[in-house]
Amino acid sequence: MPYKAPRGTQDILPQDQPYWNYVKQTAIRICHLYGYQPLDIPIFEETSLFVRSVGETTDIVEKEMYTFEDKGGVSLTLRPEFTAGVVRAYIEHGMYVWPQPVRLYSIGPAFRYERPQAGRFRQFHQINVEAIGEQDPALDFEVMSLAWQFYEELGFKGLSFQLNSTGCPKCRPGYVRVLKEYYQDHIDQICDDCRRRLQRNPLRLLDCKQERCQPVIMNAPKIKEYLCDECTEHFQTLLGYIDSIGWPYALNHRLVRGLDYYTKTVFEIWAEGIGAQNAVCGGGRYDGLAEELGGPPTPGVGFAAGIERIVMTMKYQGIEVPPLESPNVFVAYTGDEVKREAIKLAHTLRTNHIGVLCALGNRSLKSQMKRANKSGVLFTLILGENELARDVVTVRDMRNSQQMEVKRGELVDWLRKALQNY
Ligand code: HAM
């Protein structure tokens, strides 16, 4: 059997790269607009970092981590997400003495051993944004509006902004107690997974997709009514900021997210038309995480956007992207003698920053011209013995097939001008 890319991974082929490039460049531009700085972190970390931050009873830690022992016997895990690594780096490099909040973004692959389906991969890519060191709900608003502006500038339509507060260690346990009691009373109506969740990770009960659990979820107690004063005020202030700019959102009491570090605000952005895996972005506040990882108590808030789902949505919505830069000039030649001069000419143009595709082998001029046509260049340069003898190059304008001769010594300037005015 020939080899295939591992299940749940994919090659991103040249024809898809313009989308990827456009998405990443747009993200970088908007991050810089909001004052976020780039940070790269390792693709793998010590396993316990993820266990402590994402949470021992989450799906990610229980079932989805790519964990291995290295040759030194250390247990390492391919990052299933960025937040844990970013907060680890924040503590390790003493960023708490920098002006707060520290605004950081990262782009790269993450790994989860999930069941692959449309929009769900085992290797996927995230644009991750974190703002660490500030409690103000204005910072929640800032990262959300960064996300919102990102999708708007990509040209997305029909986005749904889902918002909730999951409380804090002061008020959440009270809510979880009430939720568990309610579920105990409805134990006969729920699926097997939910019976397990009831013991291991009760908040995730609200996230169940099984038909039979929906009526139970619908009538479940809502966390909003159990938030402490501090969490309520934080949430109300945030909603006030969002209302003041008038962008639409849905309060979703079922939105609990799959990572344990969240406190207070959580949010997701859903896109239309890409099936069940429609969350193109998810995030929230994590005020206890830095302390949990051994740093000083430091609040933080952020989100991650999945590039695969973004590209899927762009294709579905017919959003066009600019092509990647490619050579505008093709160099063709006739005969072996001339080939060396043609190669030299291509080299000269490239070192003068004019992109060139040069013919190869000993194909006929006709087949070289065909190749030039297909490659989408603007000009084809033809070099034959005749041209060589007179120290000129024949230049063919591919738009109108008109040809003219240009002196070899003047060619770089001529092309520069012609390409500029094209
Ligand atoms: P998350 O919701 O697990 O959050 O992932 C964020 C986004 O990554 C999802 O909305 C989705 O677009 C994409 N994604 C996740 N898993 C997959 C997958 N298997 N295949 C394709 N795309 C996927 C986090 O990762 C948090 N660290 C976000 C965060 C940052 N919260 C605070 N700061």
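Note that this is a predicted model, so its numbers are computed, not measured. When a ligand or atom number is given, it counts from 1 through the structure's own listing order. Position 1 is the first residue of the sequence; numbering continues from there.
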Item checked: Mode of Glu130 contact toward ligand 1 - side chain, backbone, both, neither (heavy atoms, under 4.0 Å) ->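 Just the side chain.
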Note to self: At under 4.0 Å between heavy atoms, is it the side chain or the backbone of Cys281 that contacts ligand 1, or both, or neither?
What the structure shows: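 Under 4.0 Å from ligand 1, Cys281 contributes backbone atoms alone.
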Tell me which protein heavy atom sits closest to [atom], plus the residue, atom name and distance to 0.1 Å.
atom: atom 20 (N) of ligand 1; answer: Phe121 N, 2.9 Å
atom: atom 32 (C) of ligand 1; answer: Gly302 O, 3.2 Å
atom: atom 21 (C) of ligand 1; answer: Gly119 O, 3.3 Å
atom: atom 30 (C) of ligand 1; answer: Thr83 OG1, 3.0 Å
atom: atom 5 (O) of ligand 1; answer: Gln126 NE2, 3.2 Å
atom: atom 2 (O) of ligand 1; answer: Arg257 NH1, 2.8 Å

Checklist line | ligand 1 contact by Arg122, heavy-atom criterion under 4.0 angstrom | finding: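 It does not; every heavy atom stays at 4.0 Å or beyond.
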Next item on the list: Answer yes or no for Glu308: is there a heavy-atom contact with ligand 1 below 4.0 Å?
Entry: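 For ligand 1, residue contact (heavy atoms, under 4.0 Å) with Glu308 is absent.
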Check for a donor-acceptor pair, side chain of [X] on one end and backbone N or O of [Y] on the other, with a separation under 3.5 Å.
X: Arg112; Y: Ile60; answer: no
X: Arg309; Y: Trp270; answer: no
X: Tyr36; Y: Ala131; answer: no

Check each of [options] against [atom] and report the one with the nearest heavy atom.
atom: atom 18 (C) of ligand 1; options: Phe303, Phe111, Phe124; value: Phe124
atom: atom 29 (C) of ligand 1; options: Phe267, Tyr113, Tyr286, Tyr262; value: Tyr262
atom: atom 13 (C) of ligand 1; options: Gly284, Ala304, Gly306, Ser53; value: Gly306

Next item on the list: Give a yes or no on whether a salt bridge exists between Glu268 and Arg257, defined as a side-chain N under 4.0 angstrom from a carboxylate O.
Entry: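 Here Glu268 pairs with Arg257 in a salt bridge, since their nearest N and O are under 4.0 Å apart.
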Note to self: Any carboxylate oxygen within less than 4.0 angstrom of a Lys/Arg side-chain nitrogen, looking at Arg200 and Glu62?
What the structure shows: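 Looking at Glu62 together with Arg200, the answer is yes, because their closest N to O distance falls below 4.0 Å.
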Margin query: Would you say that Asn352 contacts Arg350 through its side chain, given a criterion of any heavy-atom pair below 4.5 Å between the two side chains?
Written below: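 Contact flag for Asn352/Arg350 side chains = no.
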Ligand-side contact atoms (ligand 1) for residue partner [X], heavy atom cut-off under 4.0 Å:
X: Tyr261; answer: 26 (C), 27 (N), 31 (N)
X: Glu81; answer: 25 (O), 26 (C), 27 (N)
X: Gly282; answer: 10 (O), 28 (C), 29 (C)
X: Ala279; answer: 9 (C), 10 (O), 11 (C), 12 (O)
X: Gly283; answer: 31 (N)
X: Val280; answer: 10 (O), 12 (O)

Taking N or O atoms only and a 3.5 Å limit, does [X] qualify as a polar contact for ligand 1?
X: Glu114; answer: yes
X: Asn128; answer: no
X: Val129; answer: no

Margin query: Could you report the tightest heavy-atom contact between Gln317 and Gly155, atom names first, then the distance?
Written below: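 Nearest pair, atom of Gln317 first, then Gly155: OE1-O, 4.1 Å.
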Next item on the list: Specify the closest pair of heavy atoms between Ile319 and Leu154, including all atoms of both residues, with the distance to one decimal.
Entry: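 Scanning both residues completely, I find the closest heavy atoms to be CG2-O, 3.3 Å.
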Margin query: Whether the Tyr90 and Glu130 side chains hold a donor-acceptor pair (N or O, under 3.5 Å, no angle test) is what I'd like checked.
Written below: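 The answer is no; no qualifying pair exists.
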Check: Side chains of Tyr261 and Thr83: is there a donor and an acceptor less than 3.5 Å apart?
Finding: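 Thr83 and Tyr261 do have a side-chain donor-acceptor pair below 3.5 Å.
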Parallel, tilted or perpendicular: which one describes the rings of [X] and [Y], with boundaries at 30° and 60°?
X: Tyr422; Y: Phe379; value: perpendicular
X: Phe111; Y: Tyr66; value: perpendicular
X: Phe141; Y: Tyr241; value: tilted

